[in-house]
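Worth knowing before you read on, the calculation uses all heavy atoms, side chains too, and leaves out hydrogens, waters and symmetry mates. We count residues from 1, following the sequence as given. For clarity, every value in this text was computed on a predicted model and none was experimentally measured.
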Amino acid sequence: MNNEHLYIGRFRQDSWEFVLFVVRVSGEGNISGAVEIQRSDATQGTLASSGVFKTRQQLTTHLKLRACRWARSRFAQEARLEAADHGASFR
């Protein structure tokens, strides 16, 4: 992420690492953010927050939930692809 973004934390799930940032603060004090998705020391993508929040804790909770949902979805997708690969090799 850009150096202008405020780093607020990181966590791991399975082989994924998620880095959380505040990316915008409005004049009213609302904040929005993003989570950078990394695997094998390479950035795989970025998810933006889907709303604005009053506190960093609210933003952090939202971004963690969003990242965990993404990881579960990605894990399921990889498992389906792996199963299909194994099925194809047994024909």
Side-chain angles (χ1 to χ4, degrees):
M1 296 287 310
N2 181 318
N3 286 337
E4 297 173 18
H5 299 140
L6 175 66
Y7 168 84
I8 55 175
R10 75 177 52 229
F11 71 100
R12 289 186 165 286
Q13 181 171 340
D14 300 321
S15 61
W16 298 96
E17 184 170 12
F18 302 96
V19 185
L20 311 174
F21 296 91
V22 171
V23 295
R24 183 174 298 136
V25 179
S26 73
E28 297 82 38
N30 294 327
I31 58 176
S32 60
V35 56
E36 186 175 87
I37 303 161
Q38 299 177 351
R39 189 179 206 181
S40 304
D41 296 327
T43 299
Q44 303 294 314
T46 304
L47 298 172
S49 60
S50 58
V52 293
F53 302 87
K54 290 289 184 191
T55 68
R56 280 197 315 186
Q57 183 60 48
Q58 290 172 334
L59 176 61
T60 299
T61 299
H62 168 77
L63 290 173
K64 281 184 174 183
L65 288 171
R66 189 131 196 243
C68 288
R69 271 188 245 124
W70 181 91
R72 280 193 303 273
S73 172
R74 183 63 183 251
F75 180 75
Q77 179 184 31
E78 288 175 351
R80 283 191 302 273
L81 290 173
E82 187 174 324
D85 286 346
H86 288 311
S89 67
F90 293 120
R91 288 183 181 181

Distance-minimising heavy-atom pair for G51 and S32: O-CB, 3.8 Å
Distance, nearest 0.5 Å, that separates CD1 of I8 from CG of L63: 6.0 Å
Between CG on residue L20 and CZ on residue R10, distance to nearest 0.5 Å: 9.0 Å
Closest approach of W16 to I37 (non-hydrogen atoms, all atoms of both residues): CE3-CG2, 3.6 Å
Stepwise side-chain contact (heavy atoms from CB on, under 4.5 Å) check, V52 with E28: CA-CA 11 Å; V52 293; E28 297 82 38; over 6 Å; no
Closest heavy-atom pair and its distance - T46, A34: CG2-CB, 3.9 Å
Closest non-hydrogen atom pair between V35 and F18, with its separation: CG2-CB, 3.6 Å
Pair S15, R39: side-chain N/O donor-acceptor within cut-off below 3.5 Å: yes
Check: A42 main-chain N/O paired with S40 side-chain donor or acceptor under 3.5 Å: no
Main-chain N/O of Q57 paired to T61 side chain as donor or acceptor, under 3.5 Å: yes
Heavy-atom pair with the smallest gap, counting every atom of A67 and L47: CA-CD1, 4.4 Å
Contact summary for Q58 and K54, nearest pair of heavy atoms: OE1-N, 2.9 Å
Mutual orientation of the aromatic rings belonging to F53 and H62 [parallel < 30°, tilted 30-60°, perpendicular > 60°]: tilted
